[in-house]
There are 2 protein chains.
Amino acid sequence: MSSRSQTIADKLTRAIIDHRLVPGCKLGERELSEIFNVSRIVVRQALIRLADDGLAQIERNRGAFVAKPSMQEAMEIYDALTLVEQGVAAQLSDRLGPAGWAELRQHVERQRQAVAAGNDALADVLGQEFHTVFVRLSRNKVMQEIHAQLVRRTTLLRSLITADFDYCNLLDDHSRVVDLLEKGRLKQAMDLIDTHHRAVVRGYIMDREVFPEMTPAEALVPYLDGTVDAATTAGPLRRMAKSPGNGKAASHLHIHLPKADPAPASRASNKKTNRGLPS
Amino acid sequence: MSSRSQTIADKLTRAIIDHRLVPGCKLGERELSEIFNVSRIVVRQALIRLADDGLAQIERNRGAFVAKPSMQEAMEIYDALTLVEQGVAAQLSDRLGPAGWAELRQHVERQRQAVAAGNDALADVLGQEFHTVFVRLSRNKVMQEIHAQLVRRTTLLRSLITADFDYCNLLDDHSRVVDLLEKGRLKQAMDLIDTHHRAVVRGYIMDREVFPEMTPAEALVPYLDGTVDAATTAGPLRRMAKSPGNGKAASHLHIHLPKADPAPASRASNKKTNRGLPS
DNA sequence: ATCACAAGATTGGATACCAATCAACATTTT
DNA sequence: AAAATGTTGATTGGTATCCAATCTTGTGAT
C-alpha cells in the first residue's frame, strides 16, 4: 500500500483528467483535507506531486490551483508528445513482432466497434488508450512514464478547448499509422502522427475562461471510497444533488465521464481502482 | 522564492549528481532535518520531489534511499535520452537558424579548449552541458524539463560504472553531430547520437556495490549556504541560495571508487553498507 | 470614487505526539 | 552451536496544534 499522499494525488489526478476539476480551480489545503479526511500536510504532499506532474501549480503563499497552461505551453506539450510518439514509432517499425502488431490492430478494431455502436464515451477512452498501448509496446518503462505524463497534460488541456472532435477521423489515423508502420513506411507514419496531433491542437481556443460547475467537494465525491471514516459522512452515497449554498454561475459545459475505468496507468506504484461507485 | 522543500530537494539533487551521495545511500529524515536545520516534514516533501524525479526511491516504512537503478532501467534511461535527442535533432535540422548553429559550435569549441588545457573537470561539465544546450535550442520548455530529468538520471548512473571515458571521442561526436545536422544529413546525425549513447552505456558494469565515502552530513556540507546554524536569525542573507554556480564549478570532484571487490555480488547477507564508517 | 489601512483568512512551517512497522538484539529451543 | 523465536529500540507515516508571514478583503478617510 503506497503512501496516503500518493493516494490523494492519484484521486486528484483522476478528477482533473476527468474534467471534474477544471484549470484555475483553487485547491485549498483546508478544504481538501476536510474532503479527504486527512491532515493538511498530506494534502500538501499530494499537491507537490501534482505540481511536479504539471497538473497543478503552486503559488507561494497563495496556494495550489489546477494548472492552466498557456497556448504556448499547450503547443509545447503536443510537440513533445509528437516527438515521443514518432520516436517510439521508429523503434517499433524495427523491432515489433507479429504479436505487437496484432495487439495494435485489435485495439483499433475495438474502438471501431465502439464508434459503430454509438458509444462515444468508450470510443473516446479507447482512442486515448491507443497511444498508451502504442508506447507500452516499446517496453521502456521510463518512456512510458514520460509519455503518460504528457498524455495527462493533454487531457487536462481538453478542458480549455471547444472540443468537438471527429473521432472517426482520428480513428482512421490510428489505423493508418499501424498500417504504414507495419509496411515499413516509417517516414509517412511519422508525418501522420504529426498531423494527427496538429489536428487536435488546431481546434484549441484557449482565451476562454472556464468556470467550474461544482465545488471541489462535489467534484471529488466519486473518488472517495470506503476508507473514509464514517464519523462525519453520510456515506459515500452522497449524490451531487446536494448543493451547500454557493451555486456559482454554472456555464453550459457538458462533462461526460467514461463508464469503464481504463486505469490510465499513471504511476507504476498505484493501481487501485476506486471508481466503481454507484452513481 | 520557492518553498523550502524545493530548496532542500535542489541541494540533494546536486549532491547526488555530484556523486557525493551514491546510490543506495540512506536518506534518513531525522538526519537530514538536522543537517539542514529544518523540520522532518520539509525533508519528507523534498524526498517526495526526489522520488518523483527518479533520483530517490521511497520504501514504505523503511525510508528513502538514493536510487539504485538496475541495468535494465539504465538502458531504458539511455534509450529514452537517445529518442529525445534524436527527435530534437530532427527538429533542429529543419528549424535552427545560423545563430543556433553558432552557439553549438562555440560550445564545442569551449570544450575543446578545456580539453587542450587539461582541465578535465571543466571538460566534463561542458560535455554534459552540450546536450542541454542542444535541447534548449528546440525552444520547448516541456521538452527541456523532460530531457533535464533524463540527464540527471544518467548522471546518477555514472556513480555505478567503472568510468573511464574517452572525452576526446565524445567531444568529436558532438562536433560531428553539429556538422552533420547543419549539412542536413539528419539520418547520419541520429545514428551518431545513438552510437554516442551506446558508447557510454557499454562501459557500464553495474553488478558492483558502491560504498559511500562519507556520511550524508559530510557529503552535504558544500550545499549548506552561509549560515548553517542560523535558526534564530533566519537570515535575509540567504538570497543567493539558488545560484547554481557555486555548486557546479567548485564542487565537482573525482571520486575514487573502491577497488573491485571479489565479494559476493548479489547475496544480501551483509546489508550493512550504510554509513561509510572508517573500516 | 480612490487610496490607505486594519482585520481576517490562508499558506508555509515548527513542534510534539502517536501508531505501525522494521531491524537488530537477546533468548530459547533443538 | 545453530536455528528459530520473542523483545526492544529506532524510524517512518501521520495527526493535531501552534505560529509567523503573506495575501485578500472590507472598511474608513480623503
Side-chain angles (χ1 to χ4, degrees), chain A residues 1-12 24-52 56-66 215-217 227-229 231-232 246 269-270, chain B residues 1-12 24-52 56-66 215-217 227 229-236 238-239 241-242 268-275 277:
Chain A
M1 187 149 179
S2 64
S3 69
R4 214 124 166 200
S5 63
Q6 182 64 65
T7 306
I8 306 288
D10 287 342
K11 292 179 181 177
L12 287 173
C25 175
K26 177 75 188 285
L27 299 171
E29 289 183 6
R30 190 176 309 278
E31 191 176 6
L32 293 179
S33 70
E34 283 166 8
I35 291 173
F36 288 115
N37 263 80
V38 295
S39 71
R40 271 177 57 207
I41 289 179
V42 172
V43 170
R44 196 137 82 214
Q45 290 164 353
L47 292 175
I48 287 175
R49 291 186 144 102
L50 271 272
D52 275 356
Q57 65 187 88
I58 299 175
E59 297 176 27
R60 172 137 182 136
N61 282 322
R62 280 185 29 88
F65 307 81
V66 177
T215 68
T227 66
V228 205
D229 79 317
T232 62
N246 181 1
S269 52
N270 187 312
Chain B
M1 194 141 7
S2 55
S3 67
R4 211 174 291 208
S5 63
Q6 183 63 64
T7 306
I8 307 288
D10 287 343
K11 291 180 182 177
L12 287 173
C25 176
K26 175 78 186 285
L27 300 172
E29 289 184 7
R30 190 176 309 278
E31 190 175 6
L32 293 179
S33 70
E34 283 165 10
I35 291 174
F36 288 114
N37 263 79
V38 295
S39 72
R40 272 178 57 205
I41 288 177
V42 173
V43 170
R44 197 136 85 214
Q45 288 164 352
L47 292 175
I48 287 175
R49 291 187 143 102
L50 271 272
D52 274 358
Q57 64 188 87
I58 298 176
E59 297 176 26
R60 170 135 181 137
N61 281 320
R62 281 188 26 90
F65 306 81
V66 177
T215 69
T227 58
D229 217 41
T232 53
T233 49
R238 39 195 335 182
R239 285 280 158 196
K242 281 209 71 170
S269 60
N270 195 359
K271 249 189 198 166
K272 339 173 71 171
T273 61
N274 45 359
R275 294 299 191 79
L277 291 179

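These figures come from a predicted structure and were not determined experimentally. By convention in this document, chain letters (A, B, ...) are assigned in the order of the sequence lines, proteins followed by strands, and residues within each chain are numbered from 1.
- As rounded to whole Å, 14 Å separates atom P of C:dG13 from atom CZ of B:Phe36.
- At a threshold of 4.0 angstrom between heavy atoms, the contacts of B:Ile48 with the nucleic acid are absent.
- C:dA19 atom C1' lies 12 Å from atom CZ of A:Arg4, rounded to whole Å.
- A side chain to side chain contact (heavy atoms under 4.5 Å, CB included) with B:Leu12 holds for exactly one of B:Thr7, B:Val66, B:Val43, B:Leu47; it is B:Leu47.
- Of the candidates D:dG13, C:dG12, C:dT15, the closest approach to any side-chain atom of A:Asn61 belongs to C:dG12.
- Rounded to whole Å, atom P of D:dG14 lies 16 Å from atom CG of A:Leu32.
- In this structure, CD of A:Glu59 is placed 16 Å from P of C:dT10, rounded to the nearest angstrom.
- Looking at A:Ser5 and B:Arg44, their side chains never come closer than 4.5 Å, going by heavy atoms from C-beta outward.
- Taking side-chain N and O atoms only, B:Arg62 has a distance below 4.0 Å to OP1 or OP2 of C:dA23.
- Straight-line distance from the CD1 atom of A:Ile58 to the P atom of D:dC23: 16 Å, rounded to whole Å.
- No more than 12 heavy atoms of other residues, nucleotides or ligands lie within 6.0 Å of CZ in B:Arg30, so this atom counts as exposed by the packing criterion.
- DNA chain C is contacted by both A:Ile41 and A:Gly63; A:Gly63 maps to the nucleotide lying nearer its 5′ end (nearest heavy atom per residue).
- Within 4.0 Å (heavy atoms only), B:Leu47 reaches no atom of the nucleic acid at all.
- Contact of A:Arg44 with C:dG13 (side chain to base): a donor-acceptor pair of N or O atoms is detected under 3.5 Å.
- Summarising the geometry, the separation between CG on A:Asn37 and C1' on D:dT15 is reported as 12 Å, rounded to the nearest angstrom.
- One cannot find a donor-acceptor pair under 3.5 Å joining the base of D:dG14 and the side-chain atoms of A:Arg40.
- Toward the 5′ end of DNA chain D lies the nearest nucleotide of B:Gly28, the other residue of the pair A:Val38 and B:Gly28 mapping further downstream.
- Looking only at side-chain heavy atoms (C-beta outward), B:Leu32 and B:Ile8 stay at 4.5 Å or farther from each other.
- Counting non-hydrogen atoms under 4.0 angstrom, B:Ser39 reaches a base of the nucleic acid.
- Contact record, A:Ala56 with A:Leu27: CB-CD1, 4.4 Å, taken as the closest heavy-atom pair.
- Phosphate proximity of D:dT24 to A:Lys26: absent, as no side-chain N or O sits under 4.0 Å from OP1 or OP2.
- Distance A:Arg60 CZ to D:dC23 P: 9 Å, rounded to the nearest Å.
- Nucleotide C:dA9 holds its P atom 10 Å from the CZ atom of A:Arg30, rounded to whole Å.
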